[in-house]
K.L.:
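Let me begin by handing over the structure; questions about it come next.
Values reported hereafter were calculated over all heavy atoms of this structure, with side chains retained and with hydrogens, waters and symmetry mates removed.
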Number of protein chains: 2
Amino acid sequence: MRKRTISIATVAAEAGVGVGTVSRVLNGSNQVSEATRSRVLNTMERLDYRPLRSASSLSKGRTDAVGILVSVISRPSVMARLVGVIDVLSDAGLDAVVLNVENRAQLDRHLSSIIDQRRVDGIISISLRIPEERVTRIRKLDIPLVLVDNSLPNLPCVYIDDVAGGNMATKHLLSLGHRRVGFIGDNKHTGLGMSSSEDRYAGYLMALEAAGIEPDFDLVARGPHSSEAAAALTSALFELGKHRPTAIFASSDTLAVGVIKAAQHHGLKIPDDCAVIGFDNLEISSILDISTVNQPLLESGIKGASKMVSLLNGEIAKPHREELSLDVVPRGSSLGIQRNHPTKLYGVVEGPNGLQILQGGEELVS
Amino acid sequence: MRKRTISIATVAAEAGVGVGTVSRVLNGSNQVSEATRSRVLNTMERLDYRPLRSASSLSKGRTDAVGILVSVISRPSVMARLVGVIDVLSDAGLDAVVLNVENRAQLDRHLSSIIDQRRVDGIISISLRIPEERVTRIRKLDIPLVLVDNSLPNLPCVYIDDVAGGNMATKHLLSLGHRRVGFIGDNKHTGLGMSSSEDRYAGYLMALEAAGIEPDFDLVARGPHSSEAAAALTSALFELGKHRPTAIFASSDTLAVGVIKAAQHHGLKIPDDCAVIGFDNLEISSILDISTVNQPLLESGIKGASKMVSLLNGEIAKPHREELSLDVVPRGSSLGIQRNHPTKLYGVVEGPNGLQILQGGEELVS
DNA sequence: TTATGCCATGGAACCGGTTCCGAATTGGGA
DNA sequence: TCCCAATTCGGAACCGGTTCCATGGCATAA
């Protein structure tokens, strides 16, 4: 009975060289003569030999994989970041191990298994706050950690200034003359330390104060992160009668959709009866013509993953901490007039099987 | 200098037992006396010992990881399936290695690295057709392969009948009295073998034929998978004047959004001037009140991943091949009944059940 | 010719768990 | 008291690459 699996030893024997030489060929060492190299390569080809990842991992001491901790993966904003991360890692030849975290217990479980068993060479955390003690442990083990949409001192991270963003959004509404501006946000304590909604709320308060407006906490409501929940909360605000808000800042576009729904339900015209602004600039806000605060989601993932790649190559992540910029995207839900047309149409051309996009579309894959 | 890493040997020496015993404790063998077990556990605790994954992988011959091949991850329908897959794998203690595939070259690259290097124990393919020769290779290597939103003979898979779905959607429009029904779909050749759009088109043709309607290929258009592209294609159909379609079946909700946009642009009322139905029942279609064909996206991921877990446990995936059911979700974009209407988004619109509140909200995380 | 040095190479030791075989201990029954 | 079986345990061999050291060959310099 012949040995079933073809190992480096099989190749070495077959090619009449030592195992060391085969390994050197595998790793592209220049310590091998051209003649020997090609002989070994031929043998590998002939035997259909493939190196076993786990064996290599063991002796090299690294896995060539990166763990990605993701908070509530189904959220569109989180998804967009994840896409960026995965693409960069993939290009760098690193495996992306995705770990979905929906509660504190899951976070702990994933962190233990990932960190302690050294399943990955580095960890990227998306929109998730890693507990203090875990960070120190990760540091002690010398495992690179990059934060995306989050920030901790002395750690490489890519983040935005949510307070400033909340401020910008609220100022936008104030600048349109609104005085009774409501706020719809996420619940405070999710156990995952996602603070963006609260930070945006802080910015909201700042803007009110700067405008000399006393905040009315009756116009502030928090709930689960879904448009249905936001609709319910908003509905309650609208029932305040003459004390109802004339404008609402929703801490994310998903919530803003709920606000719009509630307005429809109450027969309120947008933006005349109630102006609305969201946050994130998701595709939905463009489709529904909802004003929002743009933040570079995909880019945050790309930049974060790039930092990780640098760190794993032993380089220093160039801008150690990177703040991405925000800007208000005014649309029909706050401005009276519909400024730009919701749909920009592309030129089309006749094709054999109907119509094909001529330009501006997604690139055609072969 | 003491050895830095704490291995099983360190623990064994410290606890005064053999390495075999420590390993047995690690793996929960019942061949260890209670006294010894607790002594070893104490020592492990004291030394803060953690087993190294890659070492275990090497000797056990498995990685406890599953590769997930994903076609164009940013598509909402694909995302939803992915979420289901990740959750199930995570519960089973398996790593989810996500591989985004956007073109044929990437598919080949990922398949090679994943399969040949045995980086994973099994492969789940989402909305992606694996080339024939790869399938045979995977089979030969005895690596479990599960298809989600795809189907091949003799392979475990979870799929829908896209032809039937297209038929249902088109029939729905026909039943409303439409005779000139257009079709907006994806480009035929993406190199990734995603055939759902074409299958739905086949269903569309079937429905027309069953109704005794000669298909008008001027009403059929294909392009990249984006609402902008769909809007452009639809726009061209609307410019056919009196020959324009009175109803359109878009092969996905994303495309249906584009159809709606184009209608707005041309000042056409929906559904009066043009009825629309999409496919997938994404959240957006519910928000925009677009009729659609519902398919269980999350469920497909869950079921697919469950099959994988079974296979890795040496069991047989119970229903080897599983077809999930479809149903038409009639909404305002096709029914005459006026409900929340996208074209009147910011107008006053009364809806019979326009708002669903106070139920079905996201569960609070502790 | 001999000394010096570089290059290519073979192969043992090693990475850190797992597994299996054989040995030691224990307990029960005759 | 002795024997046999069951239980528990130690440790060598092994998984399949990587690395480092020793070696032999060849060319160049002395």
K.L.:
Could you say whether B:N27 or A:E34 is positioned toward the 5' end of DNA chain C, judged by the nucleotide with the nearest heavy atom to each?
P.N.:
A:E34

K.L.:
Do we see a donor-acceptor contact under 3.5 Å between the side chains of B:D108 and B:Q106?
P.N.:
no

K.L.:
Using the side-chain heavy atoms of A:S7, tell me which of these nucleotides is nearest: D:dG16, C:dT19, C:dG16.
P.N.:
D:dG16

K.L.:
Do any N or O atoms from the side chain of A:R321 and from the backbone of A:L152 form a donor-acceptor pair under 3.5 angstrom?
P.N.:
yes

K.L.:
Expressed in angstrom and rounded to an integer, what is the separation of B:L47 atom CG from C:dG16 atom P?
P.N.:
14 Å

K.L.:
Evaluate salt bridge (charged side-chain N to carboxylate O under 4.0 Å, His left out) for A:R46 paired with A:E14, printing each intermediate quantity in order.
P.N.:
CA-CA 10 Å; A:R46 186 161 50 82; A:E14 199 78 15; 3.6 Å; yes

K.L.:
I want to check one thing: is the phosphate of C:dG17, taken as OP1 and OP2, less than 4.0 Å away from some side-chain N or O of B:S59?
P.N.:
no

K.L.:
Closer than 4.0 Å, any side-chain N/O of A:T5 to the OP1 or OP2 of D:dG16?
P.N.:
yes

K.L.:
Quick check: on DNA chain D, is the nucleotide nearest B:G20 upstream (toward 5') of the one nearest B:A55, or the reverse? Name the residue that is more 5'.
P.N.:
B:G20

K.L.:
Would you mind classifying the nucleic acid contact of A:V17 as base, sugar-phosphate or nothing, using non-hydrogen atoms under 4.0 angstrom?
P.N.:
sugar-phosphate

K.L.:
Contact class for B:V19 vs. all strands (heavy atom < 4.0 Å): base, sugar-phosphate, or nothing?
P.N.:
base

K.L.:
With a cut-off of 6.0 Å (strictly less than), are more than 12 heavy atoms of other residues, nucleotides or ligands near CD of A:E45?
P.N.:
no

K.L.:
For B:E14 and C:dG16, give me the distance from atom CD to atom C1', rounded to whole Å.
P.N.:
17 Å

K.L.:
For A:L52, which contact category applies under a 4.0 Å heavy-atom criterion: base, sugar-phosphate, or nothing?
P.N.:
sugar-phosphate

K.L.:
Quick one: on DNA chain C, does B:V22 or A:K60 contact a more 5' nucleotide (nearest heavy atom)?
P.N.:
A:K60

K.L.:
Whole Å only: how far is the CZ atom of B:R53 from the P atom of C:dT18?
P.N.:
11 Å

K.L.:
Side-chain N or O of A:T21 less than 4.0 angstrom from OP1 or OP2 on C:dG10?
P.N.:
yes

K.L.:
With nearest nucleotides of DNA chain D determined for B:L58 and B:S33 from heavy-atom distances, which residue corresponds to the more 5′ nucleotide?
P.N.:
B:S33

K.L.:
For B:Q117 and D:dG16, give me the distance from atom CD to atom C1', rounded to whole Å.
P.N.:
13 Å

K.L.:
Please report, rounded to the nearest Å, how far the P atom of D:dA6 is from the CG atom of B:N30.
P.N.:
15 Å

K.L.:
Tell me whether the OP1 or OP2 atom of C:dC15 has a side-chain N or O from B:S54 closer than 4.0 Å.
P.N.:
no

K.L.:
Across the strands shown, which category fits A:R118 at heavy-atom distances under 4.0 angstrom: base, sugar-phosphate, nothing?
P.N.:
nothing

K.L.:
Should the pair B:R137-B:E133 be classified as a salt bridge under the 4.0 Å nitrogen-to-oxygen rule?
P.N.:
no

K.L.:
Looking for any heavy atom pair under 4.0 Å, which part of the strands does B:S23 touch: base, sugar-phosphate only, or nothing?
P.N.:
base

K.L.:
What integer distance in Å separates A:I8:CD1 from C:dA12:P?
P.N.:
15 Å

K.L.:
Please confirm whether any donor atom in the side chain of A:R24 sits under 3.5 Å from an acceptor in the base of C:dG10, or the reverse.
P.N.:
yes

K.L.:
Could you check how far CZ of B:R62 sits from C1' of C:dT19, rounded to whole Å?
P.N.:
14 Å

K.L.:
Can you measure A:Q31 atom CD to D:dT23 atom C1' for me and round it to whole angstrom units?
P.N.:
15 Å

K.L.:
For the residue pair B:D149 / B:S300, report whether a side-chain donor-acceptor contact shorter than 3.5 Å exists.
P.N.:
no

